[in-house]
Engineer: 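Pasting in a structure now, in structure tokens, and then I'll have a few things to ask.
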Number of protein chains: 2
Amino acid sequence: MKMTPLVEQMVRHWGEMGARWGISRSVAQVHALLHFTARPVPADEIAETLGIARSNVSGCLKELQGWGVVRLVHLPGDRREHFESINDVWRLFEVLLDERKRREVDPTLKALRECSAQEEAAPKDSPETQRRLSEMLEFFEMMDAWYGEVRRMPIQSRVRLVKAANRIRSWLG
Amino acid sequence: MKMTPLVEQMVRHWGEMGARWGISRSVAQVHALLHFTARPVPADEIAETLGIARSNVSGCLKELQGWGVVRLVHLPGDRREHFESINDVWRLFEVLLDERKRREVDPTLKALRECSAQEEAAPKDSPETQRRLSEMLEFFEMMDAWYGEVRRMPIQSRVRLVKAANRIRSWLG
DNA sequence: CATTCTTTTCAGTAATTATTGAAAAGATGA
DNA sequence: TCATCTTTTCAATAATTACTGAAAAGAATG
């Protein structure tokens, strides 16, 4: 399949960005291809279009399906499995943020809680070290609670929340 | 220098997390050591304590200073440069978020704008592809504007904003 | 300004992570 | 059940990134 210039640019860009997002180049490229092509594509066509190994595509698709941002569809008259990207950009970034929080924030919160409990049971550090630990824990607890709140809002409310940033600003004083 | 169990745990944890944050293990460990030790430490002592090369510590400190989360101080009667972590956790994560936005969001916003302009000048893609491009651009524009708003608030307002999440939830309906 | 202590640079090496391709496993239809 | 098409697994290899250590450069002291 020949990509249009737009799709090609997006594939290239997401591939580069993927590295910075902790997503492998191939996974990011496969996602970009599916998302901007906006129709179901079979795995071998993805491999051919992106010039990467068929087996690699297979792994990328597993990962993207695992995250729930790509789904498998069957097209009548074709034995092969086709794949398409979900078309909701809010849902897409929700998945990415959830994943990041799970990998980056949750383990740290756990570690901070454990350390804090230990320190409380038997203080062994300077007051300033203790203060920094509890400040750090408090920060993570606050962010965790906030994310939980926002996460529970329906998408519509989140859109309003984001769009209303300037109003909130004056409202908070 | 012998680390207390608390500092040791934090150093180990931040080292592991660093990888997921796109920060090298050493940089993250040096930061954890300075932050939780909470007093100025000279580079050679950092190297010895963490068991990493002196030259590596030098590079890590350059990076941390470049981000503004570690600063150089001189202690009377000691020729060596000492380093300490800034003690404001909000400022610390502000720096990390700014850095992430700069590396991950800004280039994508730029690419999306360029693609969008090209497509507008000479449409070459399916209506659905065009729709996905503009939806993606709109999303990034919205987030960019929102981040700018929040970023401009004084820290105090941000704390209130985060703490008021549940109130905002009902306020938005 | 020479000695000594300290920091930085950088080429080489190590460690990690991503990708390939061949072979095995799984599925479909005659 | 066999032949064929498709997907997955996994050991080998490639690419990337992080780290070291020796040597050079820079600073402070007498």
Side-chain angles (χ1 to χ4, degrees), chain A residues 1 11-12 14-34 40-67 70-84 99 103-104, chain B residues 1 11-12 14-34 40-67 70-84 99 103-104:
Chain A
M1 177 181 55
V11 163
R12 189 164 339 118
W14 284 43
E16 281 162 20
M17 280 304 127
R20 303 184 187 182
W21 275 76
I23 292 165
S24 92
R25 171 176 306 256
S26 312
V27 172
Q29 287 187 337
V30 169
H31 181 260
L33 179 66
L34 291 177
V41 184
D44 55 348
E45 206 176 317
I46 299 174
E48 190 216 334
T49 307
L50 298 178
I52 64 181
R54 176 63 184 74
S55 61
N56 190 5
V57 171
S58 183
C60 295
L61 288 168
K62 274 274 145 7
E63 195 164 342
L64 290 166
Q65 284 176 92
W67 291 350
V70 156
R71 72 174 142 250
L72 191 159
V73 293
H74 280 287
L75 257 55
D78 198 330
R79 231 187 198 186
R80 298 169 300 175
E81 296 174 330
H82 289 60
F83 300 88
E84 64 181 5
E99 187 62 20
R103 292 193 303 190
E104 299 173 0
Chain B
M1 177 181 56
V11 164
R12 190 162 340 120
W14 284 42
E16 281 162 20
M17 279 304 126
R20 304 184 186 180
W21 275 74
I23 292 164
S24 92
R25 170 175 306 255
S26 313
V27 173
Q29 287 187 336
V30 169
H31 180 260
L33 179 66
L34 292 177
V41 184
D44 54 350
E45 206 177 314
I46 298 174
E48 190 215 333
T49 306
L50 297 178
I52 63 181
R54 175 65 183 76
S55 60
N56 189 7
V57 171
S58 183
C60 293
L61 288 167
K62 275 273 143 13
E63 194 164 342
L64 289 166
Q65 283 177 93
W67 292 350
V70 156
R71 74 175 140 250
L72 191 159
V73 293
H74 281 285
L75 258 54
D78 197 328
R79 228 188 199 184
R80 296 169 302 176
E81 296 175 330
H82 290 59
F83 300 88
E84 64 181 5
E99 187 62 21
R103 292 192 304 189
E104 299 174 359

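In what follows, chains carry the letters A, B, and so on, assigned in the order in which the sequence lines appear, proteins first and then strands, with residues in each chain numbered from 1. Every value quoted in this text rests on a predicted model; they were computed, and no experiment measured them. Values below: every heavy atom of this structure, side chains too, minus hydrogens, waters and symmetry copies.
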Engineer: Residues of residues 46-61 of chain B with any non-hydrogen atom less than 4.0 angstrom from an atom of DNA chain D: list those, numerically ordered, please.
Structural biologist: B/I52, B/A53, B/S55, B/N56
Engineer: Please report the distance, rounded to the nearest Å, between CD in A/Q29 and C1' in C/dT19.
Structural biologist: 12 Å
Engineer: Is there a side-chain contact between A/L61 and A/L34 (heavy atoms, below 4.5 Å)?
Structural biologist: yes
Engineer: Only one of A/I46, A/L50, A/L33 clears side-chain contact (heavy atoms from CB on, under 4.5 Å) with A/M1; which?
Structural biologist: A/L33
Engineer: Starting at CD of A/E104, measure out to CD of A/E99 and round the result to the nearest 0.5 Å.
Structural biologist: 9.5 Å
Engineer: Could you give the CG-to-P distance, from B/D78 to C/dT6, as a whole number of Å?
Structural biologist: 7 Å
Engineer: How many Å lie between CD on B/E63 and P on D/dT17, as a whole number?
Structural biologist: 14 Å
Engineer: Strictly under 3.5 Å: I want the nitrogen or oxygen pairs between protein and nucleotides 27-30 of chain C, one per line.
Structural biologist:
from, atom 1, to, atom 2, distance (Å)
C/dT28, O2, A/R79, NH2, 2.5

Engineer: Locate the shortest heavy-atom distance separating B/S26 from B/C60; write the atom from each residue and the value.
Structural biologist: CB-SG, 3.5 Å
Engineer: Side chains of A/V30 and A/V70: closer than 4.5 Å at any heavy-atom pair?
Structural biologist: no
Engineer: Looking at B/A28 and B/W14, what are the two nearest heavy atoms and their distance?
Structural biologist: CB-O, 3.1 Å
Engineer: Which atoms form the tightest heavy-atom contact between B/H74 and B/R80, and what is the distance?
Structural biologist: ND1-O, 4.0 Å
Engineer: Looking at every non-hydrogen atom in both residues, tell me the closest pair between B/P40 and B/E84 and how far apart they are.
Structural biologist: CG-OE1, 3.6 Å
Engineer: Under a 3.5 Å distance rule, please check whether A/E48 uses its side chain to pair with a backbone N or O of A/D44 as donor and acceptor.
Structural biologist: no
Engineer: Take atom NZ of B/K62 and atom P of C/dC10, then tell me their distance rounded to the nearest Å.
Structural biologist: 13 Å
Engineer: Is there a donor-acceptor pair closer than 3.5 Å between any side-chain N or O of B/R103 and the backbone N or O of A/R20?
Structural biologist: no
Engineer: Is the closest side-chain heavy-atom distance between A/W67 and A/I23 below 4.5 Å?
Structural biologist: yes
Engineer: Among residues 19-26 of chain B, which contact DNA chain C at a heavy-atom distance under 4.0 Å?
Structural biologist: none
Engineer: Measure the distance from CG on B/L72 to P on D/dG26 and round it to the nearest whole Å.
Structural biologist: 17 Å
